[in-house]
Visitor: 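Got a structure for you, written out below as structure tokens; questions coming shortly.
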Amino acid sequence: MVIIEKNHRGRPDHTVLAGRTTEPMEKIPDPKELEKELSDYLTKKYGSRIKVLAPHWVAKPEKDGEGQGKGAKLGRIKFDLKPEELEAYLHEYVIKQDLAKSVLATKVCTHFNRIRHSLELGRDPEPGVGSIKNNIILIGPTGVGKTYLVKLIAKKIGVPFIKGDATKFSETGYVGGDVEDLVRDLVYAAGDDLELAQYGIIYIDEIDKIASSGHTWGGPDVSRTGVQRALLKPMEETEVDLKVAHDPVSQIQAIEHYRRTGKKDKRTLNTRHILFIVSGAFNGLDKMVKERLSKQEIGFRGEMTSRELDRTFLKHVTAEDLIKYGFESEFVGRLPVIAVLEELNADDLYAILQNPNNPIITSKKRDFGAYGIDITFENEALKLFAAQAAVEKTGARGLVSVIERVLIQFEKRLPSTQVKHVVVTPEIVEHPEAELERLLADPEDPERLARFSQAAVKERESLKESIRRREAELLSRYHLPLTETRVELLAGRYHHWDCDLKTAVEDLARLYDQVGRFAEKFLDNHGIELHFEPDAVDAILQQAVARDTSALAVCQEKAQDLEYALKLVRDRTSQDQFILTREALCDLDAYLNRVIREHYQTTLFRE
């Protein structure tokens, strides 16, 4: 069998077409010799990315039950999120858009919980005749978080996810094949596991670009109804053939299946459980909604013509408006859930920059950190960035543009200097070139270094306050009680370990859980019950983080001394439960002496 390594789209990087003229052979080569010769030839011609495996080059009947493992494992979906839990997760990352987050969290959770419920009952989650799948359409201007929201959801729930761009379909001569390629890409994203792929998410961006030109508000110039029709069946339910002529990998898989089983197999995937989410900016749709509402005379007046006011009309969008915009009624009918995202103003953009989970500031810190430069931002500078980005009307993308515009020369020139600390001030935002020259002229300016320290302290305090506000959530979701030491550990891990806050919380929660598991194992092995006081747990966590090891490893280092000492105390006092404090971990002898002394004092007092 020839194995061809696939690229990220599941298609081969190299294709070998065999068509050699056969001639009489003097000697039939041994299979191993043939395999070696083929491997050497292919490696020489195409590199080491192609290998040959040839156990036997004949069809073998498949044994009973073989190859049915994945098909029998309908219960592989482990989904138990509630809508409010998913919504809370989205709040950690996305500013504003409360309505859109609520709609997405509710419908996504309901979709996958229905599937999970059916699987738990031992039946295939059949949607039923006439049922309508809750496919979702997201409407909102650029840079408000449409793609970000869907990516966060797919990452959180752990199902296969694939993103496509509607403009690709309109540029292709045969659009139907490309539409079904999304489903094949989903299978690849699921590791070729059909059972898992049938519960995935397909996200199509720029969907407004395939609207026909039937409206008068400056939409697309050419008709895209062919693309809309190609999407109708996949969005509802259809069988997609995974073996197609233009995909050599699927052809090779079919040959390999025949080699193993001696049977031809038509591999297909049904799309009835695949959730489709589409999104677009829909420029001009707000004016259509305003016109409709004005005709209905529900209180809107023609003099409301500013762009900001026009965007508010999108909250009242209906299927009728989407059809007028240029979508066919059958297409709109397969997208029953509509969520509208709001435009971001300067205050929203400032809140994004202050969010510890925002990737914009974090990315810029990593850019400078790659050169060993620590960069921090004053709050007033962040407000100026937000104000400038708001003028550009490109949402969060505008933040990236204005920050890059200000800091690009700093990023270019500072790595060649001895400067290791940079504080972005309002003066730098307003006069970047002049401030850069001042920094290079006097990198050790005491006033600048003092402002750097103050900004770093404020950043850390802001992060710690953000962690404290989530105390109830951390306890319920991660079973991690907060102490001041743990808040400090989370803030330090976030700043110095190049991770987001969620990753820092998950890492610390894992270390905290290891302490409890050590106590359980100690009880099973030695019959001694340990109770760690919060300060003792904090001491273990601090050691684990400082040494970049597990809390379990720290506990096991102390296990031998604890085992000997506590057994000795138990033999003398019959005590089999011990409360361990930070003192006990730091000075075990003093702790044991105190325990024995307290025991005898209590015994003498009773006598």
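Side-chain atoms are counted along with the backbone in the values below, which use heavy atoms only and exclude waters and symmetry mates.
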Visitor: Do Gln198 side-chain atoms and His273 backbone N/O form a donor-acceptor pair below 3.5 Å?
Guide: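 Not a single qualifying donor-acceptor pair exists.
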
Visitor: Could you tell me whether the side chain of Glu411 and the main chain of Lys364 form a donor-acceptor pair under 3.5 Å?
Guide: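 It does not hold such a pair.
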
Visitor: What I want to find out is whether Glu180 reaches Arg184 closely enough, with some N-O distance under 4.0 Å, to be called a salt bridge.
Guide: yes

Visitor: Would you please classify the geometry between the Phe282 ring and the Phe327 ring as parallel, tilted or perpendicular, with 30° and 60° separating the classes?
Guide: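 Geometry flag for Phe282 against Phe327: tilted rings.
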
Visitor: For the backbone of Asn283 and the side chain of Tyr325, can you confirm whether one donor and one acceptor N or O come within less than 3.5 Å of each other?
Guide: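 It does hold such a pair.
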
Visitor: Do Met235 and Thr271 come within less than 4.5 Å of each other through their side chains, counting heavy atoms only?
Guide: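 The answer is no, as the side chains (C-beta and beyond) never meet within the 4.5 Å cut-off.
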
Visitor: State which residues pass side-chain contact (heavy atoms from CB on, under 4.5 Å) with Leu344; sequence neighbours excluded, sorted by chain then number.
Guide: Lys96, Gln97, Val144, Asp348, Leu349, Ile352

Visitor: Taking side chain as C-beta onward, heavy atoms only, is Tyr203 less than 4.5 Å from Ser279?
Guide: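 Side chain of Tyr203 against side chain of Ser279, heavy atoms only: contact under 4.5 Å found.
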
Visitor: Thinking salt bridges, do Asp321 and Lys324 make one under a 4.0 Å N-O criterion?
Guide: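 Answer for the salt bridge query: no.
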
Visitor: If you compare all heavy atoms of Arg229 against all heavy atoms of Glu328, which two are closest, and at what distance to 0.1 Å?
Guide: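 Looking at all heavy atoms of both residues, the closest pair is NH2-OE2, 2.9 Å.
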
Visitor: With a 4.0 Å cut-off, would you call Glu461 and Lys458 a salt bridge?
Guide: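 So Glu461 does not pair with Lys458 through a salt bridge.
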
Visitor: For Ala211, does its backbone N or O pair with a side-chain atom of Asp208 as donor and acceptor, under 3.5 Å?
Guide: no

Visitor: Using atom types as modelled and distance alone, determine if a side-chain donor or acceptor of Lys383 lies under 3.5 Å from a backbone N or O of Pro426.
Guide: no

Visitor: Answer whether the closest heavy-atom distance between the side chains of Ser401 and Glu392 falls below 4.5 Å.
Guide: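 Touching, per the 4.5 Å side-chain cut-off.
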
Visitor: I want to check something: taking the side chain as every heavy atom from C-beta on, are Phe368 and Phe410 in contact at a cut-off of under 4.5 Å?
Guide: yes

Visitor: Salt bridge check: are Glu459 and Lys365 linked by an N-O gap of less than 4.0 Å?
Guide: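 Salt bridge: yes.
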
